[in-house]
Amino acid sequence: MYSLNRAQLIGNLTRDPEMRLLQTGVAVCNFSVATNQVWNDQNGVRQEKAEFHDVVAWRKLAEIASQLLTKGAKVYVEGRIQTREWEAEDGSKRRKTEILAENLILLDKKSGNMERVQAGIKPKSI
C-alpha cells in the first residue's frame with residue numbers, strides 16, 4: 001500500500017523564529033508561516049483568507065533557519081505533517097499539527113537573495 005505525507009508552503013513568517021537547545025544538545029527551531037487564499041465570491045466581491053501553519057526545524061536546519069529567517073520574510077517550506085498529542089498540566093488533552101521542515105528556500109525579493117536550505121546541508125545560493 002502506498003502512502004504520502006508531504007507539505008509544501010509558500011508564505012510569510014508571522015514572527016521571528018525561536019530556537020532552543022534540548023538537554024541532549026539538539027537544536028529545534030519553531031516559526032509560523034501565513035499563507036493567503038484570494039477568490040471572488042458569487043457576487044464578484046474579492047475575498048481573502050489567511051491560514052497559519054506552525055513549522056518545526058531540527059538540528060542544522062534549525063540553526064540555519066534561526067539565523068536567516070525573520071518576521072515577514074517570504075519562504076518556501078517543504079516537509080511532512082505531524083500531529084502531536086499530550087496532556088496539559090490541568091489534565092486536558094491537547095493536540096497540535098505542525099509541518100516538520102526538511103527543505104527551506106528563502107524567497108526574499110528585497111535583498112535579491114534566494115537561499116535553499118536542506119536538512120543537514122549548508123545553505124547555497126540558487
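Both Leu100 and Val26 belong to a common hydrophobic cluster when Ile, Leu, Val, Met, Phe, Trp and Tyr are linked at side-chain heavy-atom distances under 4.5 angstrom. Connection of Phe52 to Val77 is not established within any shared hydrophobic cluster, with ILVMFWY side chains joined at heavy-atom distances below 4.5 Å, either directly or through further cluster members.
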What's the verdict on side chain to side chain contact (heavy atoms under 4.5 Å, CB included) for Thr70 and Leu13, showing C-alpha distance, side-chain angles and the deciding distance?
CA-CA 7 Å; Thr70 58; Leu13 265 69; over 6 Å; no
As a quick check of understanding, evaluate side chain to side chain contact (heavy atoms under 4.5 Å, CB included) for His53 and Glu51, giving each step before the final call.
CA-CA 7 Å; His53 312 276; Glu51 292 286 339; 3.6 Å; yes
What do the steps show when you test Asp54 against Asn30 for side chain to side chain contact (heavy atoms under 4.5 Å, CB included), and what is the final call?
CA-CA 7 Å; Asp54 291 320; Asn30 298 80; over 6 Å; no
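Evaluation of the side chain to side chain contact (heavy atoms under 4.5 Å, CB included) rule for Glu63 yields Met19, Ala27, Lys60 as partners, not counting sequence neighbours. For Arg94, the side chain to side chain donor-acceptor pair (under 3.5 Å) criterion is met by Ser92, not counting sequence neighbours. Looking at residues two or more places apart in sequence or on another chain, you find no salt bridge (charged side-chain N to carboxylate O under 4.0 Å, His left out) involving Lys93. Applying the salt bridge (charged side-chain N to carboxylate O under 4.0 Å, His left out) criterion to Arg6, with sequence neighbours excluded, gives Glu78, Glu102. Glu85 pairs by the salt bridge (charged side-chain N to carboxylate O under 4.0 Å, His left out) definition with Arg95, not counting sequence neighbours. In this structure Gln8 satisfies the side chain to side chain donor-acceptor pair (under 3.5 Å) test together with Tyr76, sequence neighbours excluded. Annotation: side chain to side chain donor-acceptor pair (under 3.5 Å) contacts of Ser66 (sequence neighbours excluded): none. Looking at residues two or more places apart in sequence or on another chain, you find a side chain to side chain contact (heavy atoms under 4.5 Å, CB included) between Glu48 and Val38, Arg46. For Ile81, the side chain to side chain contact (heavy atoms under 4.5 Å, CB included) criterion is met by Asn5, Ala7, Thr97, Ile99, not counting sequence neighbours. By the side chain to side chain donor-acceptor pair (under 3.5 Å) test, Asn40 is found to be paired with no residue, residues two or more places apart in sequence or in another chain being considered. With sequence neighbours excluded, the residues forming a side chain to side chain contact (heavy atoms under 4.5 Å, CB included) with Arg84 are Gln82, Trp86, Lys96, Glu98, listed by chain and number.
In this structure, Leu61 CG and Asn103 CG are separated by 8.0 Å, a value rounded to the nearest 0.5 Å. Between Leu104 atom CG and Leu68 atom CG the span is 9.0 Å, to the nearest 0.5 Å. A distance of 9.5 Å separates OG1 of Thr35 from NZ of Lys49, quoted to the nearest 0.5 Å. With values rounded to the nearest 0.5 angstrom, Arg59 atom CZ is found 9.0 Å from Leu22 atom CG. For the atom pair SG of Cys29 and CG of Leu21, the computed distance is 11.0 Å after rounding to the nearest 0.5 Å.
For residues 20-43, there are no salt bridge (Lys or Arg N to Asp or Glu O under 4.0 Å) pairs, not counting sequence neighbours.
Annotation for Arg15: atom CZ counts as buried by contact number, over 12 foreign heavy atoms lying within 6.0 Å.
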